[in-house]
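Data first, discussion second: the structure below is written as structure tokens.
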Amino acid sequence: MLRMSTLFLRTLREDPADAEVPSHKLLVRAGYVRRVAPGIYSWLPLGLKVLNHVASVIREEMDAIGAQEVQFPALLPREPYEATNRWTEYGDGLFRLKDRKGNDYLLGPTHEELFTLLVKSEYSSYKDLPVSLYQVQTKYRDEARPRAGILRGREFLMKDSYSFDLDDEGLQRSYDAHRGAYTRIFERLGMDYRIVSAVSGAMGGSASEEFLAVAPTGEDTFVSCTACDYAANVEAASVRAPEPTDPAAAPPQEVVDTPDTPTIETLVAVMRDKGYDIGPEHTLKNVVLMLRQPTGERSPLVVGVPGDREVDLKAVEANVYPAEVEPFEGGDFAKYAGLVRGYIGPQVLKNLGIRFLVDPRITTGSAWVTGANEPGKHAVNVVMGRDFEPDGVVPAAEVKAGDACPRCGSPLDIGRGIEIGHVFQLGRKFADVFSLDVLGPQGKPVRVTMGSYGIGVSRAVAAIAEQSHDEKGLVWPRSVAPADVHVAAVGKGDPLPEAERLAAELEKQGLTVLLDDRGTSPGVAFKDAELLGIPTILVVGKGLANGEVEIRDRRSGEARTVPVGEAVAAVVADVRG
RNA sequence: CGGGGCGUAGCGUAGUGGCUAGCGCGCCUGCUUUGGGAGCAGGAGAUCGGGAGUUCGAAUCUCCCCGCCCCGACCA
């Protein structure tokens, strides 16, 4: 039994000044976590209970699909990460250190290398596969900007698992098993989440989906269809392109004087003054970027998007990998005299030898208002397939609410979410690096294919707090609450002995109990109970005079009075639902 | 990485007119109080983020560093 009189807990009456998001404020105020360094937090007794409960749910569901738990060190030698080039690729994101002999070590940001090597060292036959291994372990990433308390920390607890299969069908089965387990985990954690398509990124591999906890404070933006079940991270959202039309059918191009129109807004205003019925969506804006190849070679790239949309640099970067996208600086314009700042149009790019990519919304036959490549002039009815021809297509324009679903055409919604899980078909990237083969039934080596699956355990605690709180404090789902019931002895007349007796009785029934035996004034006891967020509160106080106690539901706020003799059964019934 | 704001006791903050650093909460002692963050009295607790500098004298002015929060990273 947790007794508040001795529990290591100090609640705060006011929000910490450095906290912005609800989970950070409340987890600190309620005494669940304390910051020790940027992005690094200690878990206090109640917080640790929640964290462990989340981990338990995850372990149960992982075990249920036959995955086996192992534990790697957090402190790792450089060599395996050198082999996969991640020692370099991770850059400043990696915590590096040296031992007394000067050898390089790192604090593991993720463990694909170690799992691959472990399986390689132990298994050598197709009969051993498939196998899935997982661990619940502290990860380290030296984030450029840790934020929002434990939502994005530099040290965090993660469940990561890896599947090993002989072929693509096996990988798909392992992937589906993990996806199912994740669904059950987040259901049990009481979370409001969406499964969205994700980008595989530079890692290669194919299928990749993220589990996003829906929350306005989330760092990820996703689209979801209002009609069908399409949902995707905006970084991976595909576009429903308009039908191509015949370029020859378009009206002729004309050039218009448009002085002082460096932005889309000013351009549209001037064009309207001149009698052209256009909006920003009819303009084609051409963003100049600089691509830097790994070799250091730099070359310009122009990306065309409808004028009412922003360019998503991440999407561009994902498409030009391994090149990196850099801003096109003022000095660069001097080097490319054909590019007229503010009045760039695609008509001349081919002649200038500059690579031009367009968003899929720019289709053959579509006509645009765009720069005329002369200061103070724009061109109207610039038609793709007639007046310019792109070198390729890149989904560079941001998605907006109301855009057509790429699957069914219905309007899309936009939402924010916290990435709490990621399932990913890695394929053979790591197996290739470490030559992870097993001997097949024909006596020939078979390259193993892998899946990688992660859940941010500590982040899930914060995500639950983001989704489950009110103005009074936290409201834990029963599956993770630090205790099943909060018994508060309040008011005069020494209610403590009866509260103790009821608490002991509840424990005998198998419930976990937090007992407020501090003897504070009732207001303090109630405020703290609400702040801590245990789902059921049993108030033992003034009602005792009539042989009654009060049972409160933290989430709904409903309270009911029951005879003392029925209290235990009533609470047990509430907790067991 | 860039820009802005901020850093004073465990928490929230006042004080920048240069000279004994104040308040609220929390904490300790005593008495009173006990169904919505009680009252009275007494008390402990601060290298004013760190370092260097200017000065007779610095929380306050200057420089550097560290940390926190927000915004930005392209505007054709």
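What you are looking at is a predicted structure, and each value in this text was computed from that prediction instead of being measured. Naming: A, B, ... by sequence-line order, numbering from 1 per chain.
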Item checked: Rounded distance in Å between the C1' positions of C19(B) and U55(B) -> 12 Å
Next item on the list: Nearest whole angstrom, please: distance from the C1' of C74(B) to the CG of Leu301(A).
Entry: 12 Å
Next item on the list: Taking the side chain as every heavy atom from C-beta outward, state whether Tyr140(A) and Leu94(A) have any atom pair closer than 4.5 Å.
Entry: no
Check: Whole Å only: how far is the CG atom of Asp15(A) from the C1' atom of C25(B)?
Finding: 14 Å
What are the atom names and distances for every N/O pair under 3.5 Å that joins the protein to nucleotides 34-43 of chain B?
residue : atom : partner   : partner atom : Å
U34(B)  : O2'  : Gly491(A) : O            : 3.4
U34(B)  : O2'  : Lys492(A) : N            : 2.2
G35(B)  : O2'  : Lys542(A) : NZ           : 3.3
G35(B)  : N7   : Lys542(A) : N            : 3.1
G35(B)  : O6   : Lys542(A) : N            : 3.2
G35(B)  : N1   : Glu550(A) : OE1          : 3.3
G35(B)  : N2   : Glu550(A) : OE1          : 2.8
G35(B)  : N2   : Glu550(A) : OE2          : 3.2
G35(B)  : N2   : Arg552(A) : NH2          : 2.8
G36(B)  : O4'  : Gly523(A) : N            : 3.4
G36(B)  : O6   : Arg552(A) : NH1          : 2.2
G36(B)  : O6   : Arg552(A) : NH2          : 3.1
G36(B)  : N1   : Glu530(A) : OE2          : 2.8
G36(B)  : N2   : Glu530(A) : OE1          : 2.4
G36(B)  : N2   : Glu530(A) : OE2          : 3.3
G37(B)  : O2'  : Arg13(A)  : NH1          : 2.3
G37(B)  : O2'  : Arg13(A)  : NH2          : 2.9
G37(B)  : O6   : Arg29(A)  : NH2          : 3.1
G37(B)  : N2   : Asp528(A) : OD1          : 3.3
A38(B)  : OP2  : Ser521(A) : OG           : 2.9

Next item on the list: Measure from NZ or CZ of Arg96(A) to the centre of the six-membered ring of Trp87(A) and say whether it is under 6.0 Å with the direction within 45° of the ring axis.
Entry: yes
Notebook entry, point to check: Partner of A44(B) by Watson-Crick or G-U wobble geometry, both contacts under 3.5 Å, or none?
Noted result: none
Notebook entry, point to check: Hey, is Asp359(A) close enough to Arg361(A) for a salt bridge, meaning N to O under 4.0 Å?
Noted result: yes
Margin query: Work out how far the P atom of A58(B) is from that of G51(B), and round it to whole angstrom.
Written below: 14 Å
Notebook entry, point to check: Does any nucleotide pair with G26(B) by Watson-Crick or G-U wobble geometry, both distances under 3.5 Å, and what is it?
Noted result: none
Notebook entry, point to check: If you measure from the P atom in A46(B) to the same atom in C11(B), how many Å do you get, rounded?
Noted result: 13 Å
Checklist line | Nearest-angstrom distance, P atom, G2(B) to C64(B) | finding: 13 Å
Margin query: Tell me the interatomic distance from Ile40(A), atom CD1, to G67(B), atom P, rounded to whole angstroms.
Written below: 11 Å
Checklist line | Cationic N near anionic O, under 4.0 Å, Glu558(A) to Arg560(A) | finding: no
Checklist line | Salt bridge present between Glu530(A) and Lys527(A) (N-O < 4.0 angstrom) | finding: no
Check: When the nearest nucleotide of RNA chain B is assigned to Gly371(A) and to Arg10(A) on a heavy-atom basis, which residue is associated with the more 5' position?
Finding: Arg10(A)
Item checked: Residues that Arg3(A) engages under salt bridge (charged side-chain N to carboxylate O under 4.0 Å, His left out), provided they are two or more places apart -> Glu500(A), Asp517(A)
Checklist line | Between P of G10(B) and CG of Leu9(A), the distance in whole Å | finding: 18 Å
Notebook entry, point to check: Watson-Crick or G-U wobble partner for U33(B), using a 3.5 Å limit on both distances?
Noted result: none
Check: Quantified in whole Å, what is the P atom distance between nucleotide U8(B) and nucleotide G53(B)?
Finding: 24 Å
Margin query: In whole Å, I'd like the distance from the CG atom of Leu26(A) to the P atom of C11(B).
Written below: 18 Å
Item checked: Residue matched to A21(B) through Watson-Crick or wobble contacts both under 3.5 angstrom -> none
Check: In the strands shown, is C6(B) matched to any nucleotide by a Watson-Crick or G-U wobble pair with both distances under 3.5 Å, and which?
Finding: G67(B)
Next item on the list: Between A14(B) and C70(B), how far apart are the C1' atoms? Round to whole Å, please.
Entry: 24 Å
Check: Nearest 0.5 Å, what's the CG-NE2 distance between Asp15(A) and His24(A)?
Finding: 10.0 Å
Check: Should Arg34(A) be listed as having a side-chain N or O under 4.0 Å from OP1 or OP2 of C11(B)?
Finding: no
Margin query: I'd like to know if Arg555(A) pairs up with Asp553(A) as an ion pair, taking the criterion as any Lys NZ or Arg NE/NH1/NH2 lying under 4.0 Å from an Asp or Glu carboxylate oxygen.
Written below: no
Note to self: Taking only the C1' atom of each, what is the distance from G17(B) to C25(B) in whole angstrom?
What the structure shows: 31 Å
Checklist line | Whole-Å distance separating the CG atom of Asp18(A) from the C1' atom of G67(B) | finding: 10 Å
Margin query: Using the P atom as the point on both nucleotides, what is the distance between U47(B) and A59(B), in whole Å?
Written below: 13 Å
Check: What nucleotide, of U13(B), G26(B), C70(B), holds the atom closest to the side chain of Ala17(A)?
Finding: U13(B)
